A.B. asks: 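Quick one: structure below, then a few questions.
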Amino acid sequence: MAFYSLKDRTHDCSALRASDIDSEVILMGWVAARRNFGGAVFVDLRDRSGTTQIVFLSEKSEDLLSSAQTLRFEDVIAVRGRVISRGDNATEKIATGAIEVEVEELQVFSQSDPLPFPVRNDVNASLETRLKYRYLDLRRPEIQNNIITRSRFVSFVRNYLVQNGFLEIETPYMVKYTPGGARNFLVPSRINRGNFYALAESPQIYKQLLMVAGMEKYFQIAKCFRDEDPRQDRQLEFTQIDLEMSFADENDIMNLVEGMILHGFSSLGLEFMNNPFPKITWEDAMRLYGCDKPDTRFDMPHVVLDSFAAKSGIGILESAAEQGSLIKGICVKGEQERFSRKTIDQLTEFVKKEEIGGAKGLIWLKHGPDNTFTGSVSKLLTEEKSHELMKLLDSKDGDTIFIVADKPSVTHKVMDNLRRHLAAFLNLTDNKKYSALWVVRFPMFEQNSEGDWVSCHHPFTHPVPEHVSMLDSESKGDVRALAYDLVINGNEVGGGSVRIHNPETQATVFKALGISDDEAQRLFGFLLEAFRYGVPPHAGFAAGLDRLSMLITGADSIRDVIAFPKTVTGADLLTGAPTPVIEKQLNELGITVKPTDS
RNA sequence: GGGGUGGUAGUUAAGUCGGUUAUAACGCCGGCCUGUCACGCCGGAGGCCGCGGGUUCGAGUCCCGUCCACCCCGCCA
């Protein structure tokens with residue numbers, strides 16, 4: 001008997017409806033469940049699209065029935081049969097619930113060993129087990145649908161960009177090593193022993209060279225590699241929707257990307273709470289939310305209370321203000337009854353945690369009837385000062401106010417964490433809702449822990465033109481960049497900038513970063529040289545496809561939107577990578593591995 | 001590099017104050033069953049309690065170390 005093949009398959013397992021009754025069909029898929037009644041066997045047949053119940057009846061053939069009784073979970077089969085009505089036994093649980101297929105012929109393509117864990121949405125094997133048998137985990141409809149949704153989104157993105165005149169161009173993954181930024185994965189060169197490629201952190205330099213090359217509009221679904229500790233939303237290798245456009249300014253890029261996101265989400269039936277996306281400056285984001293990626297699904301902005309604090313009559317606030325502390329308040333609308341003394345104590349412990357920012361304490365006030373406060377410092381506030389604070393924070397009867405005073409960096413971080421924490425506590429974060437915004441005018445530079453000035457974005461970012469003269473001054477910390485981040489639901493899903501195309505400006509920026517002319521030549525000489533041969537002004541963007549995929553699928557972990565993810569220690573539990581390699585290979589590369597404890 | 005949570009049958013979990021033969025559900029094996037849909041019923045097999053050391057008459061349980069997974073901080077231009 002010849003095996004059935006794809007051309008014989010008449011329908012997928014989600015296709016059949018009552019209107020198909022009496023047709024003869026051939027289905028192929030995996031045995032998702034088997035219910036054996038001796039004289040009748042029901043099988044849930046699952047393929048990528050869904051599930052159809054097939055039924056083996058003794059009246060048809062005893063041989064067929066006994067074959068059906070040997071079927072086990074995840075056997076791969078084809079069946080030929082007739083679509084019949086399920087009558088009173090119809091179910092709403094599956095899309096094909098009105099019908100079933102009465103089997104006339106069964107082909108078993110392959111049998112499955114007993115499974116290490118059930119292939120079902122409602123059974124949670126440990127992550128370790130799921131990753132070891134990732135091909136089984138991927139059969140679970142929940143994960144499979146994530147991968148399908150991601151594919152549909154990527155497909156939309158490609159179409160959108162191509163229709164907007166973009167060319168999809170690949171750039172090298174094995175690139176020149178440059179220090180700074182993320183730690184690189186290194187690839188040793190056999191032919192040039194002792195030399196290394198780096199795996200690209202991003203296609204940044206190549207896409208700028210493509211602009212010099214006159215490609216005008218480039219995009220790529222590009223893998224990027226960064227040897228930094230993974231997180232819930234971060235993997236060692238990840239994917240960016242990377243694009244660059246000549247003659248474009250920041251609004252051209254933001255409009256393009258915004259259209260891509262709005263329509264891409266819309267194509268999946270997902271709509272944004274805000275359209276168009278608001279733009280706020282980095283400064284305003286820090287002032288209102290204490291961070292550069294605020295979650296705007298809920299309001300609860302921070303209010304800076306420095307001048308109030310200085311004359312508040314509250315000793316700790318007045319002295320904090322004198323010492324140059326930043327004092328911020330946040331007003332929780334209503335739900336006052338949920339802030340019991342115990343809850344407030346827990347919030348106080350929360351803000352004191354080091355990873356939350358390590359505040360010294362948390363001031364709280366409950367706005368009661370007749371415009372009075374109760375709370376930690378209420379007795380110290382005059383009626384006039386109380387009313388002033390109420391006005392500043394727009395608090396009403398039934399609201400609750402929290403105040404933190406500390407070093408600016410601590411206050412921002414603590415109040416950011418507190419705002420998110422309160423939103424989660426009050427169930428204001430619905431992952432079916434989407435709220436996006438642009439954060440613009442990032443600083444050009446920041447100081448790292450060693451006190452060195454480093455780029456916030458990257459060294460090719462164009463400063464705000466009016467700030468160019470400040471680049472080599474003491475106030476370079478105040479220089480703002482033509483850089484923008486796209487933030488959705490508190491996730492930084494992408495960022496970009498206008499690039500420098502003027503050699504003098506580029507030289508000044510390198511100088512501000514403490515990169516000498518010689519070093520600039522050594523690291524980026526090829527780029528600077530390219531820019532001498534006619535470079536168009538250009539700007540670009542890179543969006544994190546994995547994080548976007550998490551948002552569109554509602555996945556909690558980046559692992560749930562990547563077919564073969566790595567663990568938090570960078571291991572691939574399915575293949576066992578990374579592994580030692582054979583001595584011969586190391587010898588060819590001229591590499592000696594040191595013992596681990598050296 | 002630092003902090004936290006977890007690891008017991010193929011899987012998911014329970015296991016009290018340190019005490020006799022380590023439980024359950026699902027899966028697996030055998031049997032029964034023609035309307036189930038996570039079918040049901042009867043019976044059975046299945047254990048390096050992550051690994052190594054220590055305390056103790058006695059350790060799944062207490063202590064030390066270590067490995068693995070996850071979460072967080074640092075890090076991620």
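Because the structure is a prediction, the values reported are computed rather than measured. Each chain gets a letter, A, B and so on, in the order its sequence line appears, and its residues count up from 1.
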A.B. asks: What is the base-pairing partner of B:C70, counting Watson-Crick and G-U wobble geometry with both distances under 3.5 Å?
C.D. replies: B:G4
A.B. asks: Would you measure the distance from the P atom in B:U56 across to the matching atom in B:C49 and give it in whole Å?
C.D. replies: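 Comparing P positions in B:U56 and B:C49 gives a spacing of 23 Å.
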A.B. asks: Which nucleotide, if any, forms a Watson-Crick or G-U wobble pair with B:A24, using both distances under 3.5 Å?
C.D. replies: B:U12
A.B. asks: Could you state the CZ-P distance from A:Phe185 to B:C75, rounded to the nearest angstrom?
C.D. replies: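 Rounded to the whole Å, the gap is 18 Å.
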A.B. asks: For the C1' atoms, the ones on B:C17 and on B:A9, what distance do you get once it is rounded to whole angstrom?
C.D. replies: 27 Å
A.B. asks: If you measure from the P atom in B:C67 to the same atom in B:A25, how many Å do you get, rounded?
C.D. replies: 38 Å
A.B. asks: If the condition is ring pair (Phe, Tyr, Trp, His ring centres under 6.0 Å), which residues does A:Phe37 pass it with, not counting sequence neighbours?
C.D. replies: A:Phe42
A.B. asks: Can you tell me, in whole Å, how much space there is between the P of B:A24 and that of B:C71?
C.D. replies: 34 Å
A.B. asks: State whether the distance check finds a donor on one side and an acceptor on the other, under 3.5 Å, for side chain A:Arg34 versus base B:U36.
C.D. replies: no
A.B. asks: Could you check whether A:Ser557 and A:Arg559, counting side-chain N and O atoms only, form a donor-acceptor pair closer than 3.5 Å?
C.D. replies: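 Side-chain D/A pair, A:Arg559 to A:Ser557: present.
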A.B. asks: Please list all pairs meeting salt bridge (charged side-chain N to carboxylate O under 4.0 Å, His left out) that have one or both residues in residues 538-551 of chain A, counting only residues at least two apart or in different chains.
C.D. replies: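 Non-adjacent pairs meeting salt bridge (charged side-chain N to carboxylate O under 4.0 Å, His left out): A:Arg150-A:Asp546, A:Asp233-A:Arg547.
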A.B. asks: For residues 516-530 of chain A, which residues have at least one heavy atom under 4.0 Å from RNA chain B?
C.D. replies: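 Close to the strand, none.
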A.B. asks: Report the distance from atom CG of A:Leu115 to atom C1' of B:G27, rounded to the nearest whole Å.
C.D. replies: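 Rounded to the whole Å, the gap is 9 Å.
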A.B. asks: When you measure from the side-chain N and O atoms of A:Thr129 to the phosphate of B:U12, is any distance below 4.0 Å, counting only OP1 and OP2?
C.D. replies: yes
A.B. asks: Using ring pair (Phe, Tyr, Trp, His ring centres under 6.0 Å) as the criterion, list what pairs up with A:Phe73, not counting sequence neighbours.
C.D. replies: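 Ring pair (Phe, Tyr, Trp, His ring centres under 6.0 Å) check on A:Phe73 returns nothing, list empty.
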A.B. asks: Could you check A:His501, A:His462, A:Arg499, A:Gln208 and say which one makes a side chain to side chain donor-acceptor pair (under 3.5 Å) with A:His538?
C.D. replies: A:Gln208
A.B. asks: Among the nucleotides B:C39, B:U11, B:C75, which one has an atom lying closest to any side-chain atom of A:Phe117?
C.D. replies: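 Taking heavy atoms from C-beta onward, the closest nucleotide is B:U11.
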A.B. asks: Please report the distance, rounded to the nearest Å, between CG in A:Asn448 and P in B:C75.
C.D. replies: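 In whole Å, B:C75 P and A:Asn448 CG are 9 Å from each other.
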A.B. asks: To the nearest Å, how far apart are A:Glu446 CD and B:C75 C1'?
C.D. replies: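 These atoms are roughly 12 Å apart.
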A.B. asks: Could you identify which residues of residues 67-85 of chain A place a heavy atom less than 4.0 Å from some atom of RNA chain B, listed by residue number, or say none?
C.D. replies: A:Arg72, A:Phe73
A.B. asks: May I ask you to say what A:Gln235 touches in the nucleic acid, namely base, sugar-phosphate or nothing, with a heavy-atom cut-off under 4.0 Å?
C.D. replies: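 Here A:Gln235 touches no strand at all.
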A.B. asks: Does some side-chain heavy atom of A:Leu528 sit less than 4.5 Å from a side-chain heavy atom of A:Phe510?
C.D. replies: yes
A.B. asks: Treating primed atoms plus P, OP1 and OP2 as sugar-phosphate and everything else as base, which nucleotides of nucleotides 68-73 of chain B get B, S or - for protein heavy atoms under 4.0 Å?
C.D. replies: SSBSSB
A.B. asks: Mind checking salt bridge (charged side-chain N to carboxylate O under 4.0 Å, His left out) for A:Arg419 and listing every partner two or more places apart, or none if nothing turns up?
C.D. replies: none
A.B. asks: Tell me if the aromatic rings of A:Tyr484 and A:Phe442 count as close, with their centers under 6.0 Å from one another.
C.D. replies: no
A.B. asks: Taking the six-membered ring for Trp, does A:Phe42 stack with B:U36 (centroid gap under 5.5 Å, planes within less than 30°)?
C.D. replies: yes
A.B. asks: For A:Phe350 and B:G4, give me the distance from atom CZ to atom P, rounded to whole Å.
C.D. replies: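 A:Phe350 atom CZ is separated from B:G4 atom P by 18 Å.
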A.B. asks: Looking at A:Arg35, does any N or O in its side chain come under 4.0 Å of the phosphate oxygens OP1/OP2 on B:C39?
C.D. replies: yes
A.B. asks: Judged by each residue's nearest nucleotide on RNA chain B, which is more toward the 5′ side, A:His458 or A:Ala33?
C.D. replies: A:Ala33
A.B. asks: Applying salt bridge (charged side-chain N to carboxylate O under 4.0 Å, His left out), can you list everything that pairs with A:Lys360, at least two apart in sequence or on another chain?
C.D. replies: A:Asp406
A.B. asks: Suppose we define a pair by two distances each less than 3.5 Å, Watson-Crick or G-U wobble; what does B:C39 pair with here?
C.D. replies: none
A.B. asks: What is the pairing partner of B:C62, taking Watson-Crick or G-U wobble pairs with both distances under 3.5 Å in any strand?
C.D. replies: B:G54
A.B. asks: Whole angstroms only, please: what is the NZ-P distance between A:Lys132 and B:G7?
C.D. replies: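 So the NZ-P distance, A:Lys132 to B:G7, works out to 19 Å.
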A.B. asks: Has the side chain of A:Arg234 got a donor or acceptor atom sitting under 3.5 Å from an opposite partner on the base of B:C75?
C.D. replies: yes
A.B. asks: NA contact type, A:Asn36, heavy-atom cut-off 4.0 Å: base, sugar-phosphate, or nothing?
C.D. replies: base
A.B. asks: Please give the distance between the P atoms of B:G6 and B:G10 as a whole number of Å.
C.D. replies: 23 Å
A.B. asks: For B:U21 and B:C26, measure between their C1' atoms and round to the nearest Å.
C.D. replies: 24 Å
A.B. asks: Could you give the CD-to-P distance, from A:Gln53 to B:G35, as a whole number of Å?
C.D. replies: 13 Å
A.B. asks: Please report, to 0.1 Å, the donor-acceptor pairs under 3.5 Å made by any side chain of residues 83-93 of chain A, with sequence neighbours excluded.
C.D. replies:
unit_1  : atom_1 : unit_2  : atom_2 : d
A:Ser85 : OG     : A:Gly87 : N      : 2.9
A:Thr91 : OG1    : A:Lys93 : N      : 3.0

A.B. asks: Take atom P in B:C73 and the same atom in B:U8, then report the distance between them in whole Å.
C.D. replies: 28 Å
A.B. asks: Taking atom P in both B:G35 and B:G40, what distance in whole Å separates the two?
C.D. replies: 15 Å
A.B. asks: Once salt bridge (charged side-chain N to carboxylate O under 4.0 Å, His left out) is applied, do any residues pair with A:Arg420, and if so which ones, sequence neighbours excluded?
C.D. replies: A:Asp416
A.B. asks: Taking atom OH as the centre, does A:Tyr197 end up with more than 12 heavy-atom neighbours from other residues, nucleotides or ligands that are less than 6.0 angstrom away?
C.D. replies: no
A.B. asks: Rounded to the nearest angstrom, tell me the gap between atom CZ in A:Arg130 and atom P in B:G7.
C.D. replies: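 From A:Arg130 CZ to B:G7 P: 18 Å.
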A.B. asks: So which nucleotide does B:G18 pair with, by the Watson-Crick or G-U wobble rule with both distances under 3.5 Å?
C.D. replies: none
A.B. asks: Of the options B:G35, B:U12, B:C37, whose atoms approach the side-chain atoms of A:Ser126 most closely?
C.D. replies: B:U12
A.B. asks: Taking salt bridge (charged side-chain N to carboxylate O under 4.0 Å, His left out) as the cut-off, I'd like each qualifying pair that reaches into residues 477-496 of chain A, sequence neighbours left out, listed once.
C.D. replies: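 Counting only pairs at least two positions apart or across chains, the salt bridge (charged side-chain N to carboxylate O under 4.0 Å, His left out) contacts touching residues 477-496 of chain A are A:Glu283-A:Arg480.
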A.B. asks: What pairs meet the salt bridge (charged side-chain N to carboxylate O under 4.0 Å, His left out) rule with one or both residues in residues 29-38 of chain A, with sequence neighbours excluded?
C.D. replies: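 Pairs touching residues 29-38 of chain A that pass the test: A:Arg35-A:Asp44.
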